[in-house]
Amino acid sequence: MKREYLKPDCVTVASLLSACASNGALCKGEQLHSYVIKAGISSDMIVEGALLDLYVNCSDIKTAHEMFLTAQTENVVLWNVMLVAFGKLDNLSESFRIFRQMQIEGLIPNQFTYPSILRTCTSVGALDLGEQIHTQVIKTGFQFNVYVCSVLIDMYAKHGKLDTAHVILRTLTEDDVVSWTALISGYAQHNLFAEALKHFKEMLNRGIQSDNIGFSSAISACAGIQALNQGRQIHAQSYVSGYSEDLSIGNALVSLYARCGRIKEAYLEFEKIDAKDSISWNGLISGFAQSGYCEDALKVFAQMNRAKLEASFFTFGSAVSAAANIANIKQGKQIHAMIIKRGFDSDIEVSNALITFYAKCGSIEDARKEFCEMPEKNDVSWNAMITGYSQHGYGNEAVNLFEKMKQVGEMPNHVTFVGVLSACSHVGLVTKGLGYFESMSKEHGLVPKPAHYACVVDLISRAGFLSRARKFIEEMPIEPDATIWRTLLSACTVHKNVEVGEFAAHHLLELEPEDSATYVLLSNMYAVSGKWDCRDQTRQMMRNRGVKKEPGRSWIEVKNSVHAFYVGDRLHPLADKIYEFLAELNKKAAEIGYVQDRYSLLNDVEQEQKDPTVYIHSEKLAITFGLLSLSDTVPIHVMKNLRVCKDCHSWIKFVSKISNRAIIVRDAYRFHHFEGGICSCKDYW
DNA sequence: ATAGGGTTAG
């Protein structure tokens, strides 16, 4: 009698088990399991389901599977739990086998069965199978069930079928935040931020209260388009709804401020979060990196390491990208070492970031190595490598890789074509480039964007076919933007074509009257064509409009610090030595045929009156300093904010020969590799 | 049930 009194009922045991499951308390759960066996209630359907759920939630899938195989088969819960278990492992084939088997055994899937299998389809990208299951959902009458539909919406939205997701949401008769949020975040995931916000607004207008995740998604959508004020408003709304302390909203806010370049506010929001997780940190790091505050991003990354926090794939991806954008070779390599140590080098996205990092830092060989050693590649990997080759002027390598990409069945996208078209342009492969441009729409179903038209204009005009380029612009189906006109004007300067050049400049000055580069290009074009009156007029116009030329600046990293040089500056502590060595180099260069280009200083509208022997371009200073300070086994890496002028280009070729050194210059446009008196661009740039 | 970070170009 007493024993009977003490024996807990099955429902109590099951709820204890599920408490263990949600807290990951496997030991306590196992004790309960022994008790269950002793008490003879192990075949109770509720207890049985709770036990299986315990092992699945504690990731002991093996024990769970064994239990499942010996249990009674008429309990649908067991099948559902197993679907979740294999879903956790992204094991779709086993999930699907169970899904089919349960129906063969005569069991009817319920509102928990469909979400479990559909989530697995979503996560492994098996949309076709998901669609089949969708058909069955309709047949079995679950098409109005919010649990099932929210997962269907999520699946279609995540895979870009936003119209289908939208239709499912519209057919729902019940108001459901989760279904709405699934669609809203789906739009955001495909960069349709305005559409996401539109639906968020509509949801509220319909009187559906948002939850924390809805607010978080909406704020993230604002972050995506740098809509600072709208994001703040939504934050205020979330405050009213009582979600002010929520982690997901806090993280979204950090990301919003960081991506809007509001460094201080981002830190402030970050500090407000009590239990910061890796996403909080990463919101700062990636947000700073994306808004161009790469130094800050790297600082936060270092801070995170000092706090002994484990960085994730995401964090490493962001940090490498930050190092790439500012070409911080040293820190980037340190991060790479950490990545290897932590075994994250097997992650595709991290490797993709590394390819870009090495390419942007001028080490195309290291980029290639990273690319070749990847066990698995995706489209971004190919794009990063093709673009890297292109930026370094290795047009043929870029084209070959593009052909190989198609051969292995990887689909080229818009980015691929920007890379391959600019690669053709860099080496003058006009016919080939035009063929690729044609193939974009004809073979790959891609609609060319302004950037692609700009590439084609560059391709044609740089090769000297200026009238043809002009005709192409006039006949193309989109409105030409400033980039396109600038490209044309730049080519007209190279080819001394005043007529087309004036035409381009006219449009460019209308679109961007404040851009100093236009005036500089135009006055150079007049100068090289001997039209001095026109050149003077252009300068006068520039002065009248108060437009200032961006000063040329070059920088080089020596012994962990960056040394920056402006045109003709003597600010460096070693200035005397640098100028002395420079004179020596000039003398040696002249002995083997270097002649200063008389147009070289025409770029420098303001300072043309000055003595050209004093007035030295910044890249010459940086390279001279590099030769003085670096051991002669390492290549000289120099970055420049503007394009290298013709005179400096020729000078560097001579210097690479005299000094027997590899000199790699990254200018505003591309990389130049100088070695043994020649440049990788083959003087075509 | 629904999210919040990374990678490619111009």
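Naming convention: chains lettered A, B, ... in sequence-line order (proteins, then strands); numbering from 1 in each chain.
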Quick one: does any side-chain atom of A:S425 pair with a main-chain N or O of A:L421 as donor and acceptor, under 3.5 Å?
no

Roughly how far apart are A:I234 CD1 and A:I249 CD1, rounded to 0.5 Å?
10.5 Å

Just compare B:dA3, B:dG6, B:dA9 and give me whichever is closest to any side-chain atom of A:T387.
B:dA9

Which one, B:dA1, B:dG4, B:dG5, comes nearest to the side chain of A:L247?
B:dG4

Any donor-acceptor pair under 3.5 Å joining the side chain of A:N383 to the base of B:dT7?
no

Testing B:dA3, B:dG6, B:dG10 for proximity to the side chain of A:S318, the answer is B:dG6

A:Q391 side chain N/O closer than 4.0 Å to the phosphate oxygens (OP1, OP2) of B:dA9?
yes

Spell out yes or no: do the side chain of A:N282 and the base of B:dG6 have one donor N/O and one acceptor N/O closer than 3.5 Å?
no

Given atom CD of A:E370 and atom C1' of B:dT7, what is their separation to the nearest angstrom?
12 Å

Check whether any side-chain N or O of A:S321 sits under 4.0 Å from OP1 or OP2 of B:dT7, and answer yes or no.
yes

Regarding A:R262 and the six-membered ring of A:Y257, is the cationic atom NZ or CZ under 6.0 Å from the ring centre and inside 45° of its axis?
no

So, is A:K158 close to the B:dT2 phosphate, meaning a side-chain N or O under 4.0 Å from OP1 or OP2?
no

Between B:dT7, B:dG4, B:dA1, which nucleotide has the shortest distance from any of its atoms to the side chain of A:D176?
B:dA1

Any base atoms under 4.0 Å from A:S220, or only sugar-phosphate, or nothing? Heavy atoms, all strands.
sugar-phosphate

Where the side chain of A:S255 is concerned, which of B:dG10, B:dG5, B:dA1 is the nearest nucleotide?
B:dG5

If the cut-off is 4.0 Å, is A:Q290 near the phosphate of B:dG5, judged by side-chain N/O to OP1 or OP2?
no

About how many Å separate CZ of A:F200 and CG of A:N205, when rounded to the nearest 0.5 Å?
10.5 Å

Quick one, which residues of residues 177-188 of chain A touch DNA chain B with a heavy atom under 4.0 Å?
A:V178, A:T181, A:S185

Rounded to the nearest Å, what distance is computed from the CD1 atom of residue A:I208 to the P atom of nucleotide B:dT2?
18 Å

Quick note, A:S248 side chain, CB onward, closest among B:dG4, B:dA1, B:dA9 is B:dG4

Pairing of A:K299 and A:E295 as salt bridge, 4.0 angstrom limit:
no

Can you tell me which nucleotide in B:dA1, B:dT2, B:dG6 comes closest to the side chain of A:D211?
B:dT2

What is the distance from CD1 of A:I355 to C1' of B:dG6, rounded to the nearest Å?
14 Å

Can you figure out which of B:dT2, B:dG10, B:dA3 approaches the side chain of A:S217 most closely?
B:dA3

Quick check on contacts: within residues 193-204 of chain A, what sits under 4.0 Å from DNA chain B by heavy-atom distance?
none

For a quick check of understanding: with a heavy-atom distance under 4.0 Å over all strands, which category does A:D277 fall into, base, sugar-phosphate or nothing?
base

A:M155 CE to B:dT2 P, in whole Å, measures 13 Å

Establish, from distance only, whether the side-chain atoms of A:S321 and A:S318 form a donor-acceptor pair under 3.5 Å.
no

The side chain of A:R259 lies closest to which of these nucleotides: B:dA9, B:dG5, B:dA1?
B:dG5

When you check the side-chain N and O atoms of A:N251 and A:S248, is any donor under 3.5 Å from an acceptor?
no

For the pair made of NE2 in A:H426 and C1' in B:dG10, what is the distance, rounded to whole Å?
12 Å

Rounding to an integer number of Å, can you tell me how far A:L354 CG sits from B:dG6 C1'?
12 Å

Charged N to carboxylate O under 4.0 angstrom, A:R486 versus A:E512?
yes

Under a 4.0 Å N-O cut-off, is there an ion pair linking A:E550 with A:R643?
no

Between CG of A:N251 and P of B:dG6 the distance, given in whole Å, is 12 Å

Has A:F313 got its ring stacked on the base of B:dG6, with centres under 5.5 Å and planes less than 30° apart?
no

Checking side chain to side chain contact (heavy atoms under 4.5 Å, CB included) between A:T416 and each of A:F402, A:Y436, A:W382, which is the one that passes?
A:F402

Within the 4.0 Å heavy-atom criterion, would you say A:T356 contacts the bases, only the backbone, or no part of the nucleic acid?
sugar-phosphate

Answer yes when A:E397 and A:R368 have at least one side-chain N-carboxylate O distance shorter than 4.0 Å, and no when they do not.
no

Which nucleotide in the set B:dG5, B:dT7, B:dA9 lies at the smallest distance from any side-chain heavy atom of A:V380?
B:dT7

Look at all strands and tell whether A:V254 reaches a base, only sugar-phosphate, or nothing, counting heavy atoms closer than 4.0 Å.
nothing

Sub-3.5 Å donor-acceptor pair from the side chain of A:H166 to the main-chain atoms of A:I153, do we have one?
no

Could you check how far CG of A:N352 sits from P of B:dG5, rounded to whole Å?
19 Å

